[in-house]
Protein chains: 2
Amino acid sequence: MLDERKGKILEAIILDYAATAEPVGSRAVSRKYGLGVSSATVRNEMADLEELGFLEQPHTSAGRIPSDQGYRYYLDHMMRRSRLGQAEMRRICDVYSRKAREIQWMLRQTAKLLAESAHAASLAVGPHREDAIFRSLRVLPLEGEQALLVLVGDAGVVEHRILNLPPGMTVADLEVFSAYLTDRWRGLPFRRLASTSVREIYDNLSRYRRMLDDVLDFLRERREREGLETVQLVGASHVLEQPEFRDPAKVRVFLECLEREDLMAELLEQREGSTGVTVTIGEENAYPGLRGCALVTASFGMGGRPKGQVGVLGPKRMEYPHVVALVEFVAHSLTQELGRAFRD
Amino acid sequence: MLDERKGKILEAIILDYAATAEPVGSRAVSRKYGLGVSSATVRNEMADLEELGFLEQPHTSAGRIPSDQGYRYYLDHMMRRSRLGQAEMRRICDVYSRKAREIQWMLRQTAKLLAESAHAASLAVGPHREDAIFRSLRVLPLEGEQALLVLVGDAGVVEHRILNLPPGMTVADLEVFSAYLTDRWRGLPFRRLASTSVREIYDNLSRYRRMLDDVLDFLRERREREGLETVQLVGASHVLEQPEFRDPAKVRVFLECLEREDLMAELLEQREGSTGVTVTIGEENAYPGLRGCALVTASFGMGGRPKGQVGVLGPKRMEYPHVVALVEFVAHSLTQELGRAFRD
DNA sequence: TTTAGCACTGGGCTGGACCGAGTGCTAATG
DNA sequence: CATTAGCACTCGGTCCAGCCCAGTGCTAAA
């Protein structure tokens, strides 16, 4: 635990560095942040803080910058959450007010909002389709020999595919087929559909073998694509405005990392368990491209269960009080809104 | 029209510059590209070419680089199309072979492929949903008071929304409702559904007023979202590897431009009319962020009509013969594949 | 314990020297 | 007359020395 003065100095350095992106010197701390002690005293304290691992020095004759550990301490023990302004809260709510009910679209809007508001990159991953709970299956005849296979899950998950019908299928056949599978599978997660009592189903639907093959094929194909969850990723260019990205090589590593959708999805999904806002800073991130960045995430959910994550990805010196409040509020709003849109 | 030797020199400069990203001097041209004339002669020719507007000189004592006009001339009059290698063609076909039939997913895969193969950024926009031809509408009862509204169009366009049913709706009601609207609207483009004989429909479906309101509301909401077509955009980091993006300011402008989905969609849609491969170079692009870039696009289609575009966005000095062949082949494959997957 | 004072450090900026690739021009050549 | 060799010139890039200065650590005084 840091004593009060050390704490104040650490905080002063974090705030100043957030604002300027320049190493902070003892003079600046003692002058701007009204501690009532001289720069020499501050220097001594700063030396202590460095030894404790909370600060680092880019080179001998430079000021100090907060280390990962410094930020960690700040977040865990000192940060006061800021409140979002009325205007900002309204803007967030407005995004959802248009009663759009397409979940990927909502996530995209959410990501845009976050990126804008935090002046950083932001990401959002949606409900894991394979985890959705199956509600209903239907095969709808279209003109020609075609039909539309529709599977409905909870949380607004709907999947479809166009099938070519075997000859001689009547509307009644399709009804029977749909009703049987709906009944058989209801309540199961999608990931288990293709492997649940397949033999039995084949026996009972032996007349519709070809169509059943198509359905199972579709489920398998979905499965294959699974890794490729759509991550909504917005605002990379904001992060590039930060002076820490003046080096083009860093830019490239960072962007390459962002483009790895699988990585990003993984990154967010790791946080699935935790509640509230999670922050990882610099080296705490597993991926080298994200060193130098901090990631602030929160889960949103439906019916009490977590269904996805939203997050902000920015430089380590981001304004945590604001960003944390923002991410929290957005996740909360999104949860509410999903509840309203898809209440099952 | 350039005489033969000028043409050869222009080509040599374009090729060399593509490979090195450095201004090309007269010596290099006369030595590496076997013209059988001395560097002094080449210098004279280069001075002519500059005066004609085909070359530029970054500064007095540097070599020459091709101007936009130079590239334009090269593309229009000189370029030999290269052929794709067997392996490359196979790789492209393989992407579609998994018989995936979700169009956005296919486009995303296509974009990835292009980005990879051309070492540049790539984009793909899909069928304009509002232009799709309506085929069928159904309201499927789910458990609770909910139902799934499904609209099917051509080209694999399927749209859906979860509705809350008014109390007392029977399955038969839903069938009547669905059948009437399907019949009434069949063959119309989506964009006109919400405004076609609304009064008459209201009269005929007066019993289902609330549900009809929901459907029209959905159509309007779709309409509102229209500008936000999903552009699949991949491989921005490749472009950043190019030495012309060593300057971080340029990177930012470029990325900001890429993030403007609306811009990108517009960019591609402008090309809707033209057949074959279209190339725009540097200043030919309307958007300042894309100066310094070239965009190679081609349309893909279904049933003979264009339905979307794919393209590669890279530095002006990209290897046009390869990229043009690539984009052409990919668009062609995609057209074929869509025809197979969604033949209506 | 705090503070004033001071020598020291090391990065960033500036300006000059130098290098070399490449040019344009001129005069010689076939 | 087109081509070429030769040459003076240009200009960006790199290297280096010198200076500046923010900021440090240490010491001694308050």
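Within every chain, numbering begins at 1; the chains are lettered A, B, ... in the order of the sequence lines, protein sequences first and strands thereafter. Below, each value reflects all heavy atoms present in this structure, side chains not excepted, and no hydrogens, waters or symmetry copies.
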Colleague: Roughly, in whole Å, what's the span from CG in B:Leu35 to P in D:dT4?
Modeller: 11 Å
Colleague: In terms of side-chain heavy atoms of B:Met46, which of D:dT4, C:dT23, D:dT24 is nearest?
Modeller: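 Closest of the options to the side chain of B:Met46: C:dT23.
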Colleague: Would you kindly give the CG-to-C1' distance between A:Asp3 and C:dT1, to the nearest whole Å?
Modeller: 13 Å
Colleague: Nearest to the B:Ser38 side chain among C:dG5, D:dT4, D:dG6, which nucleotide is it?
Modeller: D:dT4
Colleague: Once you round it to whole Å, what is the distance between P of C:dT23 and CG of B:Asn44?
Modeller: 11 Å
Colleague: Between the side chain of A:Thr20 and the main-chain N/O of A:Asp16, is any donor-acceptor distance below 3.5 Å?
Modeller: yes
Colleague: Start at the 5' end of DNA chain D and walk down; is the nucleotide closest to B:Ser61 or to B:Arg5 reached first?
Modeller: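 In this pair, the answer is B:Arg5.
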Colleague: Name the nucleic acid region contacted by A:Thr60, choosing base, sugar-phosphate or nothing; use a 4.0 angstrom heavy-atom cut-off, strictly under.
Modeller: sugar-phosphate
Colleague: C:dT9 P sits how many Å from A:Arg64 CZ, rounded?
Modeller: 16 Å
Colleague: Take the protein atom CD of B:Glu45 and the nucleotide atom P of D:dA2, then report the distance between them rounded to whole Å.
Modeller: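 Answer to the nearest Å: 11 Å.
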Colleague: Can you find an N or O donor on one side and an acceptor on the other, under 3.5 Å apart, linking the side chain of A:Arg31 with the base of D:dG23?
Modeller: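 Under the 3.5 Å cut-off, the side chain and the base do not form any donor-acceptor pair.
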Colleague: Taking NZ, NE, NH1 and NH2 as the nitrogens, is one of them in B:Arg317 or B:Glu244 under 4.0 Å from a carboxylate oxygen of the other?
Modeller: yes
Colleague: Parallel, tilted or perpendicular for A:Phe254 and A:Phe245, by the 30°/60° rule?
Modeller: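 Because their plane-to-plane angle lies in the 30° to 60° range, the rings of A:Phe254 and A:Phe245 count as tilted.
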Colleague: Can you identify which nucleotide, out of D:dC11, C:dG5, C:dG24, has its nearest atom closest to the B:Ala47 side chain?
Modeller: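 It is C:dG24.
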Colleague: Mind calculating the distance between CD (B:Gln57) and P (D:dC9) to the nearest angstrom?
Modeller: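 One finds 18 Å between P of D:dC9 and CD of B:Gln57, rounded.
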Colleague: Mind calculating the distance between CD1 (A:Ile65) and P (D:dG23) to the nearest angstrom?
Modeller: 14 Å
Colleague: B:Ser26 near the nucleic acid: base, sugar-phosphate alone, or nothing, with a heavy-atom cut-off under 4.0 Å?
Modeller: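 Touches sugar-phosphate only.
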Colleague: What is the distance, rounded to the nearest whole Å, between atom CZ of A:Arg43 and atom C1' of C:dC6?
Modeller: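 A:Arg43 atom CZ is separated from C:dC6 atom C1' by 10 Å.
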Colleague: Could you tell me whether A:Arg108 and B:Glu261 make a salt bridge, using a distance below 4.0 angstrom between a side-chain N and a carboxylate O?
Modeller: yes
Colleague: Only counting residues at least two apart or in another chain, list the ones meeting salt bridge (charged side-chain N to carboxylate O under 4.0 Å, His left out) with A:Glu22.
Modeller: none
Colleague: D:dT3 phosphate, OP1 or OP2: any side-chain N/O from B:Thr41 under 4.0 angstrom?
Modeller: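 False: B:Thr41 side-chain N/O out of range (4.0 Å or more) of D:dT3 OP1/OP2.
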